[in-house]
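Sequence lines set the chain letters: A, B, ... in the order given, protein chains first and strands last, and positions in each chain run from 1. Below, all heavy atoms of this structure are taken into account, side chains as well, without hydrogens, waters or symmetry copies.
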Amino acid sequence: MLLTDSNQFSTKMQVQVLTTGPFDQTFTYSTEGAGVTRGQVVMVPFGRREILGVVWSISENSTFEGTVKDIGTILPFQLPETSLDFIYWVANYTLIPLGSVLKMVLALPPAEFLKVLKKPEELPTPAYSFDHTVTLSVEQQQASYAIIQGAKTFIPFVLDGVTGSGKTEVYLNAIEHVLKNQGQALVLLPEIALTNEWLERFKRRFGFEPQLWHSNVTVKNKRQTWQQVLKDQPVVVVGARSALFLPFQNLQLIIVDEEHDDSYKQQEQNHYHARDMAVVRARLSEIPIVLASATPALETMSNIDKGKYHPLILKGRFAEATLPLVEIVDMRGQSRNQWLSAPLVTNIRQCLSNQEQVLLFLNRRGYAPLTLCRGCGHRFLCPGCSVWLVQHKHKGQLSCHHCGFTQNLPPVCPTCQTEDSFVACGPGVERIEEAVRKTFPSARIQVVTSDQLSTPKAIQTIIDDIKNFKIDILIGTQVLAKGHHFPLLTLVGILDADLGLNGGDLRASEKTYQLLHQVSGRAGREQKQGRVVLQTYHPDHPLFLSVQNHRRDDFYACELHQRQAQQFPPYGYLAAIVVSGLDEMTVERYAKTLARLAPNADNVTVLGPVPAPLARVKSRYRWRFLLKSSQAMALQPFLKLWLSHPSLKKATGSVRVSVDIDPYSFM
DNA sequence: TTTTATTTTCGA
DNA sequence: CGAAAATAAAAT
Ligand SMILES: [Zn+2]
Ligand SMILES: [Zn+2]
């Protein structure tokens with residue numbers, strides 16, 4: 001009588017749990033744990049397995065009729081309210097399912113959480129010693145002071161200054177202030193800018209290592225960092241995009257360095273822009289955020305104009321003196337397969353005799369972007385994608401830069417069986433290397449692309465070789481343009497400045513300007529003016545003249561004007577839909593059905609569907625829509641309504657629909 | 001996303 | 001006919 005039917009007496013409460021699946025809804029569970037509140041991290045039975053989740057709300061009027069299961073395990077973690085708000089905001093803006101955003105916040109596999117439950121782990125406590133041997137200039141102090149004064153308020157700052165103007169010292173100084181307040185700071189950097197050099201500088205300044213967070217950090221370290229940020233330990237997390245989702249308990253400052261960098265935009269699966277979401281994160285936490293760059297994004301500049309962002313401008317002590325001398329070389333008279341113009345060769349020769357280093361920049365990996373048969377015209381194509389295979393001569397391979405497909409270069413043409421009949425079309429860095437070796441046989445030459453920098457050890461070896469002057473001529477892609485500073489480098493040759501300008505990308509000019517600015521900035525040092533030789537087929541293009549004359553703001557003004565005329569970002573809003581699938585007809589049919597079901601709205605224009613410029617990737621055919629609106633947050637409700645249209649069959653099997661708010665790629 | 005239920009396909 | 005494969009549906 002006493003202990004029977006415990007259900008009648010126990011007070012089980014119902015809770016809504018958000019799980020880490022790709023769902024935009026919560027699920028109802030019951031629990032006896034009286035202390036369970038919103039934010040509680042749990043494991044719940046879901047289907048036949050247990051998955052991670054977080055309690056989203058308590059006993060909300062759940063409409064669920066079926067059998068309610070009990071929460072499996074209550075884990076010793078509670079997500080802060082700002083984290084939960086952030087999840088909601090990101091999901092709502094990007095249209096990524098709530099549960100998928102939660103997965104980015106929880107960031108670790110369930111087993112890691114269970115380990116901590118079984119045996120709580122000792123977490124290292126950071127110990128600082130502040131080093132003030134670097135003295136700040138007046139403008140650096142003023143900028144830093146402004147950020148510190150902004151503490152506990154949402155203020156987006158734009159730290160705008162050329163390479164060498166001391167942006168890093170400014171924000172490190174602000175971070176010191178946060179640490180002295182026992183607060184937490186987050187520094188976002190593009191993965192290729194997160195160099196040893198940067199870390200050494202941090203360690204010198206603070207006497208301890210920051211917590212690293214990127215794809216190559218071990219699960220163990222991630223587990224520790226995740227707990228440290230949640231437990232309010234005064235840490236500095238330095239990482240790529242994904243660090244933004246960590247559940248900081250006491251975040252007091254966010255830095256987004258190289259804020260214009262494209263890599264902040266996640267291009268696949270779940271599309272989001274880490275810089276923009278970082279601003280949201282700062283607003284929700286009511287803290288300052290610093291967007292640092294020598295070439296801020298036009299969106300950022302426009303936000304300064306609107307008064308939303310506060311500019312902090314660093315002119316730099318030696319800025320004027322170190323601006324490189326840019327020579328534009330007209331390539332139109334150049335004979336075919338002559339990648340190095342006479343003025344460039346002259347400059348290289350001069351450099352070599354002065355014992356100075358040269359960087360030749362070409363943003364294209366491999367030997368040649370296209371290989372064809374002289375006999376029959378056979379082209380090597382990727383079997384899974386509608387692109388040419390890139391020839392990598394060192395490896396004797398042909399590979400696809402979209403899906404990773406690789407094959408050996410065959411001895412005979414697969415179509416006509418002719419021996420030795422292949423012609424390489426167009427140059428990549430390897431081919432430039434070949435040409436440079438021919439012209440400068442005694443120079444020490446090194447090609448540097450992401451292929452060469454695949455491991456930390458390889459990176460360090462190459463960087464050391466460059467700094468110790470074991471290399472005369474560097475030939476590289478954008479990995480060399482970002483992050484590293486080479487003091488012996490005085491000449492930069494931009495082999496094909498036009499490369500990024502083709503293709504229907506609304507940001508092509510902006511991106512090209514930023515890249516050329518960044519790579520030009522590698523030339524020169526404090527004592528000596530650097531030189532840049534810019535090879536182009538459009539020597540009168542205003543973009544190149546702006547680079548030559550260092551008229552960044554004129555270029556920006558002109559570019560903004562054009563964006564306004566077309567109602568493109570930052571004056572209008574875009575979203576893209578990509579329908580993809582294994583069967584071409586099915587994809588086309590689905591896209592056209594989707595088009596027919598588009599809702600009507602005054603403030604939204606639907607363009608498409610059209611076959612994507614990259615018509616097939618990883619065996620999937622692709623069709624695209626582009627949506628335009630003049631109004632912020634108008635596209636999201638429109639898309640929600642559209643994609644949940646009752647007579648729209650759920651995209652099943654091979655057909656997938658992916659949504660990209662504020663797209664950066666239109667391929 | 002993962003798992004299970006249902007339908008279709010196709011070889012023996 | 002029955003197993004395997006493809007497709008749809010469910011998960012609280
Ligand atoms: Zn052939
Ligand atoms: Zn491919």
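The NZ atom of A:K12 sits 15 Å away from the P atom of C:dT12 (whole-angstrom rounding). One interatomic measurement links the two molecules: CD of A:E50 to C1' of B:dT2, which rounds to 15 Å at whole-angstrom precision. Remark: P of C:dT12 and CD1 of A:I71 are 14 Å apart, rounded to the nearest angstrom. Between the CZ atom of A:F23 and the C1' atom of C:dA11 there is a distance of 6 Å, rounded to whole Å. One interatomic measurement links the two molecules: CD1 of A:I51 to C1' of B:dT3, which rounds to 12 Å at whole-angstrom precision. Between the P atom of B:dT1 and the CD1 atom of A:I96 lies a distance of 13 Å, rounded to the nearest Å. Atoms CG (A:D24) and P (B:dT1) sit 14 Å apart, rounded to a whole Å. At whole-Å resolution of the value, CD in A:Q25 and C1' in C:dA9 are 13 Å apart.
Across all strands, A:Y29 comes closer than 4.0 Å only to sugar-phosphate atoms, never to a base (heavy-atom distances). Nucleic acid contact class of A:T67 (heavy atoms, under 4.0 Å, all strands): sugar-phosphate only. Within 4.0 Å of A:G21, counting heavy atoms only, lies no atom of the nucleic acid at all.
C:dT12 has its base stacked against the ring of A:F64, the centroids being under 5.5 angstrom apart at an interplanar angle below 30°.
Taking the side chain of A:T28 as heavy atoms from C-beta on, and the options B:dT1, B:dT2, C:dT12, the nearest nucleotide is C:dT12. For A:R49, the side-chain atoms get nearest to B:dT2 when compared with the rest of B:dT2, C:dT12, B:dT1.
A salt bridge links A:R38 with A:E81: at least one charged nitrogen is closer than 4.0 Å to a carboxylate oxygen. The pair A:D662-A:K265 fails the salt-bridge criterion, with no side-chain N (NZ, NE, NH1 or NH2) lying under 4.0 Å from an Asp/Glu carboxylate O. With respect to A:R283 and A:D276, no salt bridge is recorded, no charged nitrogen being found less than 4.0 Å from a carboxylate O.
The partner of B:dT1 is C:dA11, judged by Watson-Crick or G-U wobble contacts that both fall below 3.5 Å.
Side-chain contact of A:K482 with A:Q478: a donor-acceptor pair under 3.5 Å is present, judged by distance alone.
With ring centers used as reference points, A:W623 lies 6.0 Å or more from A:Y590.
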